[in-house]
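Below: one structure, written as structure tokens.
Quick note: residue numbers are just sequence positions, from 1. Atoms within a ligand are numbered from 1 in the order they appear, just like the ligands themselves. Quantities reported herein were computed from a predicted structural model and do not represent experimental measurements.
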Amino acid sequence: MRIGVLALQGAFREHLDTLAAIGVTGVRVREPADLQGVSGLILPGGESTTMRQLIERWGLHRPILDLAESGAPIFGTCAGMIVLAREIAGGEAPILPLLDVSVERNAFGRQLDSFEADLAVPVLGDTPVHAVFIRAPIIERTGPGVDVLARLDDGRIVAVRERNVIATAFHPELAGETRFHRLVAAMASEHEDPGEGSGRRPHPTRRTQTR
Ligand code: GLN
């Protein structure tokens with residue numbers, strides 16, 4: 001199985017290393033042809049304004065939406081979460097609006113540029129996730145189809161899942177955390193080869209809406 005990592009900008013190497021650590025082949029995605037044969041895609045942290053420009057320049061917009069609509073897992077971390085949000089506070093246009101959430105960029109301000117926290121993420125088991133936040137966004141609103149996977153102690157939402165799309169405001173790949181990548185790999189193999197009786201639930205966008 002091959003999982004793509006968008007490698008236009010930002011912290012993509014750490015995602016490739018994390019995939020290697022769990023025995024999954026990671027593929028650098030820079031242009032549409034790189035998506036051939038991948039069963040999932042990771043959107044790394046970095047700078048979402050730059051990613052927006054590079055996604056457009058390399059013609060990756062439609063091919064990534066098509067991959068998501070096929071039901072393949074898509075996982076965005078930090079800037080990658082901003083890329084996936086349906087709404088970005090302040091009126092910026094969405095980039096790849098696959099996740100029914102509103103996000104605020106750089107939500108922790110200058111005083112608290114970066115911090116780390118141990119978070120309970122029940123879907124990943126009892127051991128907390130050591131989460132690294134770097135000029136991180138926060139999720140301000142979630143739509144009805146969105147499951148909250150983790151919150152800060154103050155209740156603010158920092159990890160979500162909507163069907164085949166997962167996003168974290170933090171960087172699990174910078175803390176040696178592999179469980180999100182394992183979850184994505186499990187979803188990718190389920191997408192490749194749906195077992196008997198396992199209802200496949202592709203992302204409800206274009207195709208399903210026109211039915
Ligand atoms: N602050 C960045 C942005 O708004 C995200 C930071 C990150 O990905 N670590 O795009």
Side-chain angles (χ1 to χ4, degrees), residues 3-19 26 28-30 40-58 60-61 64-65 68 73-119 121 129-142 146 148-152 154 156-162 165-181 183-184:
I3 294 190
V5 179
L6 190 69
L8 300 172
Q9 189 265 338
F12 57 88
R13 284 181 199 84
E14 292 81 354
H15 282 291
L16 291 165
D17 292 347
T18 308
L19 290 172
R28 286 170 201 242
V29 172
R30 294 202 161 107
L41 181 67
I42 297 176
L43 308 178
E47 218 289 316
S48 54
T49 304
T50 310
M51 276 184 210
R52 173 198 297 281
Q53 290 162 357
L54 294 173
I55 286 168
E56 287 300 331
R57 185 181 307 165
W58 291 100
L60 282 161
H61 193 263
I64 295 175
L65 293 178
I74 311 288
F75 175 34
T77 59
C78 202
M81 181 176 92
I82 298 166
V83 169
L84 292 171
R86 194 182 281 184
E87 256 181 281
I88 304 172
E92 277 182 61
I95 305 170
L96 296 168
L98 289 164
L99 193 55
D100 186 10
V101 299
S102 302
V103 299
E104 183 191 346
R105 294 176 65 187
N106 303 313
F108 298 93
R110 282 205 197 115
Q111 302 88 321
L112 199 59
D113 221 24
S114 302
F115 64 99
E116 301 185 14
D118 288 315
L119 302 176
V121 186
V129 166
H130 189 69
V132 180
F133 291 81
I134 303 170
R135 291 180 293 286
I138 198 84
I139 297 168
E140 294 179 318
R141 179 196 65 81
T142 56
V146 177
V148 173
L149 304 183
R151 295 175 186 268
L152 293 173
D154 64 12
R156 287 188 286 176
I157 299 168
V158 289
V160 289
R161 174 173 177 176
E162 183 178 14
V165 182
I166 296 179
T168 61
F170 51 87
H171 292 261
E173 79 287 359
L174 296 183
E177 171 62 58
T178 59
R179 286 172 291 169
F180 279 101
H181 295 74
L183 174 60
V184 170

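- Below 4.0 Å from some heavy atom of Ser48 lie the following atoms of ligand 1, by number and element: 3 (C), 4 (O), 10 (O).
- Contact check for Ile134 versus Leu174: side-chain heavy atoms found under the 4.5 Å cut-off.
- Set against the non-hydrogen atoms of Arg105, the atoms of ligand 1 under 4.0 Å away are 3 (C), 4 (O), 10 (O).
- The proximity of Ile82 to ligand 1, defined as any non-hydrogen pair under 4.0 Å, is limited to the side chain.
- Ring planes of Phe133 and Phe108: perpendicular class, angle over 60° (limits at 30 and 60°).
- The parts of Arg135 lying near ligand 1 are both backbone and side chain, judged by heavy-atom distances below 4.0 Å.
- The ligand atoms of ligand 1 that sit less than 4.0 angstrom from a heavy atom of Gly46 are 2 (C), 5 (C), 6 (C), 7 (C), 8 (O), 10 (O).
- Heavy atoms of His171 approach ligand 1 to within less than 4.0 angstrom.
- The backbone N or O of Ile95 sits less than 3.5 Å from a side-chain atom of His61, completing a donor-acceptor pair.
- Distances from atom 9 (N) of ligand 1 to the heavy atoms of Gly45, Cys78, Ala79 show the closest one on Cys78.
- The shortest N or O to N or O distance between Asn106 and ligand 1 is below 3.5 Å.
- Remark: the backbone N or O of Thr50 is not paired with any side-chain donor or acceptor of Gln9 at under 3.5 angstrom.
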